[in-house]
Amino acid sequence: DIILVSVVGISGLEATLAALKSGKDIALANKETLVAGGNLVMEVARKSGSNIIPVDSEHSAIFQCLQGSNGNNEIQKILLTASGGPFRGYKREQLEKVRVGDALKHPRWNMGKKVTVDSATLMNKGLEVIEAKWLFDMDIDKIEVLIHPQSIVHSMVQFIDGSILAQLGATDMRLPILYAFTWPNRLSADLPTVDFPTLGNLSFEEPDIKSFPSLQLAYEALRNNGTMPAVLNAANEIAVEGFLKSSLSFVNIPLIVEKAMTHHKAISKPTLEDILLADKET
């Protein structure tokens with residue numbers, strides 16, 4: 001009935017397309033599927049009538065906020081929240097000295113190594129911007145990123161009348177996974193909730209694009225569209241792998257990605273083969 005896609009990397013793309021073509025609903029936790037093949041995936045989903053239910057905490061939050069809304073014409077913008085990672089507030093000079101062990105100490109979430117490094121560079125949020133564009137059929141200029149260190153507000157939707165709906169919850173991935181499996185219903189579960197009296201303050205700030213250019217690169221890849229997001233994703237995968245092996249410095253990760261994007265001539269309406277070739281060549 002429903003397939004949870006939770007593999008890392010572009011390996012999720014072909015499996016997701018096959019599941020959609022067979023008419024199954026997808027609980028999607030694999031960012032790269034929509035980053036690399038968003039247009040293709042959403043087109044297949046439309047034809048098959050399958051639902052794609054997001055499992056990422058941020059996209060699940062947006063999905064929940066949109067239940068009962070009457071289409072995109074009511075949405076002013078989407079506010080994607082990010083913890084800021086372990087290096088929030090660092091400047092480039094400080095980032096030049098960070099090591100693998102530092103990058104893997106995420107302040108809020110316990111995730112795999114690749115996703116944790118992506119969170120530290122803000123590339124994770126950049127990939128989520130691209131994902132949000134396809135999931136919610138949203139113009140790129142209506143997707144905004146906010147740094148929210150407490151990771152309690154998982155994301156928000158601002159509507160045209162000025163109202164803002166936010167989804168709040170504990171930092172526990174079991175919550176969005178459960179919702180994806182039970183949607184459109186909710187199931188009673190013994191999972192953690194937010195203790196507001198002991199929570200303290202919730203704070204928000206703008207992302208530092210100068211120190212963390214990966215986020216901006218994701219916006220640029222989406223504006224170029226076609227095969228460019230696949231190139232962004234592939235270059236980032238290899239760069240992060242290099243950093244994890246200590247053969248590449250942290251600040252060089254976005255430089256490698258930018259170089260790959262500069263050398264690529266995007267195909268505007270790619271087939272699956274075009275996307276996989278762009279990934280392989282990158």
Side-chain angles (χ1 to χ4, degrees), residues 1-42 44-45 48 50-64 80-83 85 103-104 106 108-136 151 154-155 167 169-187 189-192 218 229-230 232-234 236-238 240-241 244 272 275-276 279:
D1 301 306
I2 186 165
I3 293 181
L4 174 67
V5 183
S6 61
V7 294
V8 175
I10 201 170
S11 55
L13 177 57
E14 288 182 273
T16 303
L17 286 170
L20 288 170
K21 285 174 183 175
S22 70
K24 292 177 175 63
D25 287 344
I26 300 293
L28 188 63
N30 168 257
K31 291 180 177 63
E32 294 84 355
T33 289
L34 285 179
V35 169
N39 194 34
L40 197 61
V41 171
M42 299 313 291
V44 171
S48 68
S50 298
N51 295 299
I52 299 178
I53 305 148
V55 171
D56 265 348
S57 63
E58 296 83 355
H59 298 94
S60 174
I62 295 161
F63 185 73
Q64 292 180 58
L80 273 175
T81 57
S83 71
L104 294 179
H106 195 279
R108 293 288 168 182
W109 295 95
N110 181 16
M111 306 177 288
K113 289 183 179 181
K114 195 266 182 183
V115 180
T116 306
V117 174
D118 281 350
S119 181
T121 63
L122 289 193
M123 179 59 88
N124 189 53
K125 206 52 49 178
L127 298 178
E128 287 179 5
V129 167
I130 299 173
E131 202 178 356
K133 185 263 184 295
W134 295 114
L135 276 171
F136 308 111
S151 297
H154 295 304
S155 276
Q167 189 267 335
T171 50
D172 191 318
M173 279 307 298
R174 290 176 296 175
L175 291 162
I177 293 168
L178 177 66
Y179 187 72
F181 282 153
T182 60
W183 173 83
N185 304 308
R186 291 185 185 271
L187 192 70
D190 185 20
L191 291 176
L232 168 98
N233 177 66
N236 180 65
E237 281 189 17
I238 297 301
V240 169
E241 189 180 308
L244 288 170
L272 175 61
I275 292 165
L276 295 176
D279 174 79

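For reference, positions follow the sequence shown, starting with 1.
- Heavy atoms only, all atoms of each residue included: Gly37 and Ile275 are closest at CA-CD1, 3.8 Å.
- Ser60 meets the side-chain contact (heavy atoms from CB on, under 4.5 Å) test with Gln64, Pro176, Tyr179; sequence neighbours excluded.
- Between Ser119 and His106, the shortest heavy-atom distance links the atoms OG-NE2, 3.0 Å.
- Counting only distance, with no hydrogens or angles, the side chain of Ser155 and the backbone of Ala61 share no donor-acceptor pair below 3.5 Å.
- Contact record, Ala132 with Leu80: CB-CD1, 4.5 Å, taken as the closest heavy-atom pair.
- Remark: Glu32 engages Lys114 in a salt bridge (charged side-chain N to carboxylate O under 4.0 Å, His left out) (not counting sequence neighbours).
- The side-chain contact (heavy atoms from CB on, under 4.5 Å) check on Val5 picks up Ile3, Val7, Thr16, Ile26, Leu28, Asn30, with sequence neighbours excluded.
- For Glu241, the side-chain hydrogen bond (donor to acceptor under 3.5 Å, both in side chains) partners at least two apart in sequence or on another chain are Lys245.
- By the side-chain hydrogen bond (donor to acceptor under 3.5 Å, both in side chains) test, Asp56 is found to be paired with Lys31, residues two or more places apart in sequence or in another chain being considered.
- By the side-chain hydrogen bond (donor to acceptor under 3.5 Å, both in side chains) test, Thr171 is found to be paired with no residue, residues two or more places apart in sequence or in another chain being considered.
- Leu178 and Leu187 get closest at one heavy-atom pair: CD2-O, 3.9 Å.
- Residues Ile52 and Met42 form a side-chain contact, since some pair of their non-hydrogen atoms from C-beta on lies under 4.5 Å apart.
- Checked options Lys125, Lys113, Glu128, Met123; the residue passing with Asp118 is Met123 (criterion: side chain to side chain contact (heavy atoms under 4.5 Å, CB included)).
- Heavy atoms only, all atoms of each residue included: Arg174 and Pro192 are closest at NH2-CD, 3.9 Å.
- Applying the side-chain hydrogen bond (donor to acceptor under 3.5 Å, both in side chains) rule to Trp183 yields the partners Gln67; only residues at least two apart in sequence or on another chain are considered.
- Side-chain contact check for Val41 versus Trp134: every heavy-atom pair is 4.5 Å or farther apart.
- Residues forming a side-chain contact (heavy atoms from CB on, under 4.5 Å) with Val55 (at least two apart in sequence, or on another chain): Leu4, Ala27, Ala29, Met173, Ile177, Ala180.
- In this structure, the side chains of Ile130 and Asn233 stay at 4.5 Å or more apart for every pair of heavy atoms.
- Under the rule for a salt bridge (charged side-chain N to carboxylate O under 4.0 Å, His left out), Lys133 has no partner lying at least two apart in sequence or in another chain.
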Take Val35 and Ile10, measure what side chain to side chain contact (heavy atoms under 4.5 Å, CB included) needs, and give me the verdict at the end. CA-CA 9 Å; Val35 169; Ile10 201 170; over 6 Å; no
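- Between the CD atom of Gln167 and the CD atom of Glu58 there is a distance of 10.0 Å, given to the nearest 0.5 Å.
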Trace of the side chain to side chain contact (heavy atoms under 4.5 Å, CB included) decision for Leu276 with Glu14: CA-CA 9 Å; Leu276 295 176; Glu14 288 182 273; 3.8 Å; yes
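- Under the side-chain contact (heavy atoms from CB on, under 4.5 Å) criterion, Asp25 pairs with Ile2, Ser50, Asn51, not counting sequence neighbours.
- Separation of atoms CG (Leu34) and CG (Leu40) is listed at 10.5 Å; rounding is to 0.5 Å.
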